Structures are given as C-alpha cells and as structure tokens.
A.B. asks: 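Structure incoming, see below.
Computed from a predicted structure; not experimentally measured.
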Amino acid sequence: MLKKIFKYILFTIITLIVLIGIYLLSERILSRISVNDTGNSEPKNITMYVMSNGVHTDLVLPTKTVFIDWSTLFSFENTLGKKNDFKYIAIGWGDKGFYLNTPEWKDLKASTAFVAATGIGETALHVTYYNNIQLDESTKSIQITDTQYQNLIKYIENSIELGSDSKPQLIETTAQYGQNDAFYEAHRSYSIFFTCNSWTNDALKTAGIKASKWVAFDKGILYQHSAK
C-alpha cells in the first residue's frame, strides 16, 4: 500500500515538473517570436513606453493628446496627492487580489496565488501618474503612429469595467503604492495563460505595434523593444 502511494506521489511530482517545464519553454520560445514587425509608412508621432518593475509591465502614455485626455477617465482627484500636472500615465492590468493584498512577494498568500492562477478572481487596472520617465533595461521607448495609438486607446477602454454612470469604477482602498496612483475595476480574468504581461502584450498586438506571439512574463516584451 505504501509503495503504491509513493509511486502515485512520485508520478504526480514528475508530471507537475514536466508541465511546468513545457509551460516555461513554450513561453520562452513564443515570447521571442515577433508579430507586427513589418514597416509602417505612417509617421510615428507619438512616444510611448513599456515599463517593468521586474515582474509586471505597464503601458506608459502621454496624459493628454489630441486623441484623449486620460485624466478625464482616471481623475487626478482619485489619487492621494491630487496633483494635476503630470505628463505621463502608466496603466497596468492584473489580478485584483495581487494588486490590493500583495504589496511585496513576502505578503503573498497561497489563497491569493490560487485564485490568480485559476482565473476565478476579479481584475483591476492600476493607474499611476508620472512627470519623468527614465529609460533603462526595464523601461523601453516605442515610437507609434496616430492610428496605432487610437487602437491602443480602444483596447484600454475595453478593459475598463464601467459603472452605472458609464464611468470607470474607482476601487476604494488604502493599498495605493504612492501618492499618485489609483485602482479601477477591470474586465477579463487573470490566469497563468493570461497574465498582467499578456494583457500588455495583447494591447501592443491589437494596436499593430511590435509585440511577442505570447508572453506570461515581462522579459519577452522588453526583448522585442531592446536594441538589436
């Protein structure tokens, strides 16, 4: 009996290791395959950025252009600092539990990880305002066309869960990361197959901007926009 139990446990462990290996290998390969890598004759008038904190990526966009003033959707008044003169807005998407209950990896609970991995939890948009963006290995600058930017706007707008007043729903919380950020309810489900970085990558793909075939982690997106 004990021998059968041992074999079952061993088989389960080996299966998990193999599945994790397949997942990581697939991500590595697909994240290095480029899409939207062809030339575009339309002038690239807008500068945007992809910013990573080492795990999670944000889209960083001009706060105000002729196409949109993001502060009309994500009000400065919803931040703790309530400053209203920022040049850039960073928008990220992810599991609501991770955002609100896991400020650092040491705070991660098994229940939070399970809910996020299985896609049964709610999601949120994290919006942060900046005045300066510094380029480094974790922050990449991307020149895009007006059409690509308008497509990007539509993608982000479609990710927002609107309230009965047709406005983004602010998440009332004390879990802000600083003085200049806020959280909003979002659409879609987070899982190991559609992570926060998958959302960022899909935003680029949908807009016609160079991106990876599929990513789960931040490195693939940064790879696509690193000097080669």
A.B. asks: Does Trp214 offer a backbone N or O that forms a donor-acceptor pair with the side chain of Ser212 under 3.5 Å?
C.D. replies: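 No; judged by distance alone, with no hydrogens or angles, the pair does not exist.
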
A.B. asks: Taking all heavy atoms of Ala216 and all of Ile192, pick out the closest pair and write down the distance.
C.D. replies: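 Looks like CB-O, 4.3 Å.
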
A.B. asks: Measure across Lys140 and Glu137 and return the closest heavy-atom pair with its distance rounded to 0.1 Å.
C.D. replies: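 So the minimum-distance heavy-atom pair works out to CE-O, 3.5 Å.
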
A.B. asks: Minimum heavy-atom separation for Ile89 to Pro62, with atom names?
C.D. replies: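 For Ile89 and Pro62, the tightest heavy-atom pair comes out as CG2-O, 4.2 Å.
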
A.B. asks: Please test Thr195 against Val215 for side-chain contact (heavy atoms from CB on, under 4.5 Å), starting from the C-alpha separation and ending with a verdict.
C.D. replies: CA-CA 8 Å; Thr195 69; Val215 302; 5.6 Å; no

A.B. asks: Verify, without hydrogens or angle tests, whether Asp69 (side chain) and Lys64 (backbone) share a donor-acceptor contact under 3.5 angstrom.
C.D. replies: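 Checking the backbone N and O of Lys64 against the side chain of Asp69, no donor-acceptor pair under 3.5 Å is found.
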
A.B. asks: Can a donor-acceptor pair be found, under 3.5 Å and without considering hydrogens, that links the side chain of Glu27 to the backbone of Phe217?
C.D. replies: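 Checking the backbone N and O of Phe217 against the side chain of Glu27, a donor-acceptor pair under 3.5 Å is found.
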
A.B. asks: To the closest 0.5 Å, what do you measure between CD1 (Ile144) and CG (Leu61)?
C.D. replies: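 That separation rounds to 7.0 Å.
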
A.B. asks: Who pairs with Lys205 by salt bridge (charged side-chain N to carboxylate O under 4.0 Å, His left out), at least two apart in sequence or on another chain?
C.D. replies: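 Residues passing salt bridge (charged side-chain N to carboxylate O under 4.0 Å, His left out) with Lys205: Asp202.
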
A.B. asks: For Trp199 and Phe194, work out which heavy atoms get closest and say how close.
C.D. replies: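 Smallest interatomic distance, heavy atoms only, reads CA-CZ, 3.7 Å.
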
A.B. asks: Can you tell me how far the CG atom of Leu73 sits from the CG atom of Asn78, to the nearest 0.5 Å?
C.D. replies: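 With rounding to 0.5 Å, CG (Leu73) is 11.0 Å from CG (Asn78).
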
A.B. asks: I need the minimum non-hydrogen distance between Gln134 and Thr139, along with the two atoms involved.
C.D. replies: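 Closest pair (atom of Gln134, atom of Thr139, distance): O-CB, 3.5 Å.
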
A.B. asks: Less than 3.5 Å apart, any donor N or O on the side chain of Thr57 or Asn197 sitting next to an acceptor on the other?
C.D. replies: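 Yes - a donor-acceptor pair under 3.5 Å links their side chains.
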
A.B. asks: Judged by atom type as modelled, is there a donor-acceptor pair below 3.5 Å linking the side chain of Lys210 to the main-chain atoms of Asp37?
C.D. replies: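 Checking the backbone N and O of Asp37 against the side chain of Lys210, no donor-acceptor pair under 3.5 Å is found.
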
A.B. asks: Between Asp58 (side chain) and Val60 (backbone), is there a donor-acceptor pair under 3.5 Å?
C.D. replies: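 Checked: no pair found.
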
A.B. asks: How far apart are the closest heavy atoms of Ser52 and Gly54, and which atoms are they?
C.D. replies: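 Between these two residues, the closest heavy atoms are OG-N, 2.9 Å.
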
A.B. asks: Using 0.5 Å steps for rounding, measure from the CG atom of Leu152 to the CD1 atom of Ile209.
C.D. replies: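 It comes to 5.0 Å.
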
A.B. asks: Got a second to check how far Arg28's CZ is from Lys219's NZ, nearest 0.5 Å?
C.D. replies: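 Rounded to the nearest 0.5 Å, the CZ-NZ separation comes out at 10.5 Å.
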
A.B. asks: For Ser189, does its backbone N or O pair with a side-chain atom of Thr123 as donor and acceptor, under 3.5 Å?
C.D. replies: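 Absent.
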
A.B. asks: Step by step, would you call Asn84 with Ser71 a side-chain contact (heavy atoms from CB on, under 4.5 Å)?
C.D. replies: CA-CA 8 Å; Asn84 60 5; Ser71 67; over 6 Å; no

A.B. asks: What residues form a side chain to side chain contact (heavy atoms under 4.5 Å, CB included) with Thr79, not counting sequence neighbours?
C.D. replies: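 Side chain to side chain contact (heavy atoms under 4.5 Å, CB included) check on Thr79 returns Tyr129.
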
A.B. asks: In the single-linkage hydrophobic clustering (I, L, V, M, F, W, Y; side-chain heavy atoms under 4.5 Å), do Leu59 and Tyr49 co-cluster?
C.D. replies: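 Different hydrophobic clusters.
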
A.B. asks: Between Asn180 (side chain only) and Thr128 (backbone N and O only), is there a donor and an acceptor less than 3.5 Å apart?
C.D. replies: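 Flag not set: sc Asn180 to bb Thr128 has no pair under 3.5 Å.
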
A.B. asks: Side chains of residues 6-18: which donor-acceptor pairs under 3.5 Å do they make with residues two or more places apart or in other chains?
C.D. replies:
from, atom 1, to, atom 2, distance (Å)
Thr12, OG1, Tyr8, O, 2.9
Thr15, OG1, Phe11, O, 2.8

A.B. asks: In sequence, state the C-alpha distance, the side-chain angles, and the governing distance for Leu170 and Glu77, and then conclude on side-chain contact (heavy atoms from CB on, under 4.5 Å).
C.D. replies: CA-CA 11 Å; Leu170 175 69; Glu77 288 297 312; over 6 Å; no

A.B. asks: Do Met48 and Tyr88 sit in one hydrophobic cluster, given that two such residues count as connected whenever their side-chain heavy atoms are within less than 4.5 Å of each other, even indirectly?
C.D. replies: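 Result: no, two separate clusters.
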
A.B. asks: Look at the side-chain heavy atoms of Ile, Leu, Val, Met, Phe, Trp and Tyr, link any pair under 4.5 Å apart, and say whether Ile20 and Phe193 land in one connected group.
C.D. replies: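 Yes; Phe193 is reachable from Ile20 via cluster members.
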
A.B. asks: Starting from the C-alpha separation in whole Å, work towards a yes-or-no answer on ring-ring contact (aromatic ring centres under 6.0 Å, His included) for His126 and Tyr177.
C.D. replies: CA-CA 10 Å; His126 182 221; Tyr177 295 176; 4.6 Å; yes

A.B. asks: Report yes or no: does Gln224 contribute a side-chain atom to a donor-acceptor pair with the main-chain N or O of Ser31 at less than 3.5 Å?
C.D. replies: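 Yes, because the side chain of Gln224 sits within donor-acceptor range (under 3.5 Å) of the backbone of Ser31.
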
A.B. asks: Quick one: do Leu222 and Ile142 end up in the same hydrophobic cluster if we chain Ile, Leu, Val, Met, Phe, Trp and Tyr together by side-chain heavy atoms under 4.5 Å apart?
C.D. replies: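 Leu222 and Ile142: one cluster.
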
A.B. asks: Could you tell me the separation between the CD1 atom of Ile68 and the OG1 atom of Thr63, rounded to the nearest 0.5 Å?
C.D. replies: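 Reported to 0.5 Å precision, the distance equals 11.0 Å.
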
A.B. asks: Answer yes or no: does atom CZ of Arg32 have more than 12 heavy-atom neighbours from other residues, nucleotides or ligands under 6.0 Å?
C.D. replies: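 Yes, CZ of Arg32 has more than 12 neighbouring heavy atoms, counting only those of other groups under 6.0 Å.
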
A.B. asks: Only one of Trp93, Phe74, Tyr99, Trp70 clears ring pair (Phe, Tyr, Trp, His ring centres under 6.0 Å) with Tyr184; which?
C.D. replies: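 Exactly one candidate clears the test, Phe74.
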
A.B. asks: Got a second to check how far Gln148's CD is from Asn45's CG, nearest 0.5 Å?
C.D. replies: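 These two atoms lie 10.5 Å from each other.
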
A.B. asks: Are Val50 and Ile153 grouped together when hydrophobic residues (ILVMFWY) are joined by side-chain heavy atoms under 4.5 angstrom apart?
C.D. replies: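 Yes.
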
A.B. asks: With sequence neighbours left out, what residues match Asp165 under side chain to side chain contact (heavy atoms under 4.5 Å, CB included)?
C.D. replies: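 With sequence neighbours excluded, Asp165 shows a side chain to side chain contact (heavy atoms under 4.5 Å, CB included) to Lys167, given in chain and number order.
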
A.B. asks: Do Ile46 and Asp146 pass the side-chain contact (heavy atoms from CB on, under 4.5 Å) test, and can you show the C-alpha distance, the side-chain angles, and the key distance before you say yes or no?
C.D. replies: CA-CA 7 Å; Ile46 297 172; Asp146 291 352; 3.8 Å; yes

A.B. asks: Who passes side chain to side chain contact (heavy atoms under 4.5 Å, CB included) against Thr206, sequence neighbours left out?
C.D. replies: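 Applying side chain to side chain contact (heavy atoms under 4.5 Å, CB included) to Thr206 gives Tyr155.
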
A.B. asks: Only counting residues at least two apart or in another chain, list the ones meeting salt bridge (charged side-chain N to carboxylate O under 4.0 Å, His left out) with Glu172.
C.D. replies: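 Glu172 satisfies salt bridge (charged side-chain N to carboxylate O under 4.0 Å, His left out) with no residue once adjacent residues are dropped.
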
